[in-house]
Amino acid sequence: MLVKIHATTVTRADCATREANRRSGLFAGLLSRLVFGIRRPKQRILGSEFAGAIEAVGAAVSEFAVGDRVFGSTGLRFGAHAEFTCIRESALIAHMPARASFEQAAAVCDGGLNTLWCYRLADLRKGQTVLVYGASGAIGTAGVQLAKYFGADVTAVCSTRNVETVKALGADRVIDYAQQDFTRNGETYDVIFDAVGKHSFSRCKGSLKRGGSYLATDGFRNLMLTLWTSRIGDKKVIFRIPPRYTQEDVRFLKELVEAGKYRPVIDRTYPLEQVVEAARYVETERKTGNVVLTVVDDRET
Ligand SMILES: NC(=O)c1ccc[n+]([C@@H]2O[C@H](COP(=O)([O-])OP(=O)(O)OC[C@H]3O[C@@H](n4cnc5c(N)ncnc54)[C@H](OP(=O)(O)O)[C@@H]3O)[C@@H](O)[C@H]2O)c1
């Protein structure tokens with residue numbers, strides 16, 4: 001199917017791929033270059049999330065028609081920082097949530113899919129206690145909302161400037177990391193979701209209940225720790241890459257958006273032409289939620 005893209009996003013994955021995970025150390029950088037390109041990214045057009053309208057379909061397509069409003073992710077194939085992309089009917093694509101704008105729909109998948117993947121690995125269940133560290137990022141804002149949806153008791157950790165935003169997402173309590181170190185307040189949790197990759201198992205192990213899990217989103221050391229803790233000790237590190245997302249997940253997120261149970265947080269919106277400025281902002285690692293690129297200005301159509 002050929003999709004005319006109206007909006008896309010700049011994610012941490014776009015920036016990490018372009019710079020070959022330079023900030024994550026030598027090993028991560030080398031591995032990144034082997035996967036994504038030795039001298040420069042093999043895929044010259046980054047961007048994976050998109051929202052737009054179907055422009056043309058192949059003869060075998062049955063679920064979508066020309067003109068349908070769709071959203072989804074091209075995953076590691078990238079190519080969404082563009083006016084058009086081609087995508088299979090069976091890929092990560094669904095009809096847009098009713099009443100969502102292209103900008104909102106474009107920002108659903110990055111945090112939403114990754115959080116679903118992580119919570120599934122941890123088998124998150126109703127009644128469990130979850131601490132979301134870095135609750136203000138793309139994954140963190142999804143992490144708070146989806147944990148509430150799954151019936152968990154949610155403690156969110158973020159900086160002073162994001163406390164109100166994170167409270168509004170439904171966290172049961174919010175800890176401002178500038179005021180309090182959650183590892184020293186005596187509380188323990190079933191799951192600690194390090195949604196921004198800035199904490200570590202060794203530092204927060206004492207805040208996990210027996211049998212609890214430290215859910216990581218980043219960091220090669222966490223792959224080793226996943227293996228190690230699966231054999232030794234009663235507290236686990238859970239980190240698996242690459243994540244496996246399904247079209248069912250995209251449809252599930254669409255339904256949550258329609259039911260008002262999940263809303264992507266949008267920090268800034270740039271026109272596609274300002275993709276460099278947008279990427280520079282994402283690289284500060286300080287965005288709140290998502291950064292959107294407008295490809296078609298729908299106010300003008
Ligand atoms: N495994 C995967 O497949 C996958 C996929 C996508 C992303 N990731 C990784 O997941 C991580 C999160 O991505 P993201 O896009 O959600 O991040 P993000 O949106 O860039 O996170 C930025 C947010 O984190 C907060 N933050 C920054 N430093 C912090 C710290 N030391 N402690 C607590 N909060 C901090 C910032 O607010 P303040 O500075 O005000 O606190 C900001 O709101 C990244 O490392 C990314 O590479 C992994």
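Only heavy atoms go into these numbers, but all of them, side chains included; no hydrogens, no water, no symmetry mates.
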For residues 137-144, please give each side-chain donor-acceptor pair under 3.5 Å, one per line with the distance, not counting sequence neighbours.
unit_1 : atom_1 : unit_2 : atom_2 : d
Thr141 : OG1    : Gly137 : O      : 2.8
Thr141 : OG1    : Ala138 : O      : 3.2

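- Partners of Thr11 by side chain to side chain contact (heavy atoms under 4.5 Å, CB included), not counting sequence neighbours, listed by chain and number: Thr9, Ala13, Asp14, Glu49, Asp110.
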What's the verdict on side-chain contact (heavy atoms from CB on, under 4.5 Å) for Phe50 and Ile93, showing C-alpha distance, side-chain angles and the deciding distance?
-> CA-CA 9 Å; Phe50 66 86; Ile93 185 167; 4.0 Å; yes

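- A salt bridge links Glu285 with Lys198: the distance from a Lys NZ or Arg NE/NH1/NH2 to an Asp or Glu carboxylate oxygen falls below 4.0 Å.
- Using the six-membered ring where Trp is involved, Trp117 and Tyr245 have ring planes that are perpendicular, over 60° apart on the 30 and 60° scheme.
- Figure legend: cation-pi geometry between Arg69 and Phe102, with NZ or CZ positioned under 6.0 Å from the six-membered ring centre and within 45° of its axis.
- Every residue two or more places apart in sequence or in another chain was checked for a salt bridge (charged side-chain N to carboxylate O under 4.0 Å, His left out) with Glu103, and none qualifies.
- Under the rule for a side chain to side chain contact (heavy atoms under 4.5 Å, CB included), the partners of Val275 that lie at least two apart in sequence or sit in another chain are Val10, His81, Leu293.
- Counting non-hydrogen atoms of neighbouring residues, nucleotides and ligands closer than 6.0 angstrom, the CD atom of Glu89 exceeds 12 such neighbours.
- Using a cut-off of 4.0 Å between Lys/Arg side-chain N and Asp/Glu carboxylate O, Glu164 and Lys167 are scored as salt-bridged.
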List the atom pairs, donor and acceptor, that lie under 3.5 Å between side-chain atoms in residues 206-214 and the rest of the protein, sequence neighbours left out.
unit_1 : atom_1 : unit_2 : atom_2 : d
Tyr214 : OH     : Asp194 : OD2    : 2.7
Tyr214 : OH     : His199 : O      : 3.3

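- Glu83 places a side-chain heavy atom less than 4.5 Å from the side chain of Val295.
- Going from atom CD of Glu187 over to atom OG1 of Thr129 covers 9.0 Å, rounded to the nearest 0.5 Å.
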Ring pair (Phe, Tyr, Trp, His ring centres under 6.0 Å) evaluation trace for Tyr149 with Tyr262 = CA-CA 8 Å; Tyr149 175 76; Tyr262 171 51; 9.9 Å; no

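- Summarising the local packing, CZ of Arg203 is surrounded by more than 12 heavy atoms from other residues, nucleotides or ligands at distances under 6.0 Å.
- For the residue pair Asp153 and Gln128, no side-chain donor N or O sits within less than 3.5 Å of a side-chain acceptor on the partner.
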Take Val257 and Val108 through the test side-chain contact (heavy atoms from CB on, under 4.5 Å) and record every step on the way to the result.
-> CA-CA 8 Å; Val257 172; Val108 165; 4.1 Å; yes

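- Contact annotation: the side chain of Val157 never approaches that of Val132 to less than 4.5 Å [non-hydrogen atoms, C-beta and beyond].
- Taking a cutoff of 4.0 Å between a charged side-chain nitrogen and a carboxylate oxygen, Arg251 and Glu255 do not qualify as a salt bridge.
- With ring centers used as reference points, Phe193 lies 6.0 Å or more from Tyr133.
- For Asp218, there are no salt bridge (charged side-chain N to carboxylate O under 4.0 Å, His left out) partners at least two apart in sequence or on another chain.
- Taking 4.0 Å as the cut-off between side-chain N and carboxylate O, Arg244 and Asp249 do not count as a salt-bridged pair.
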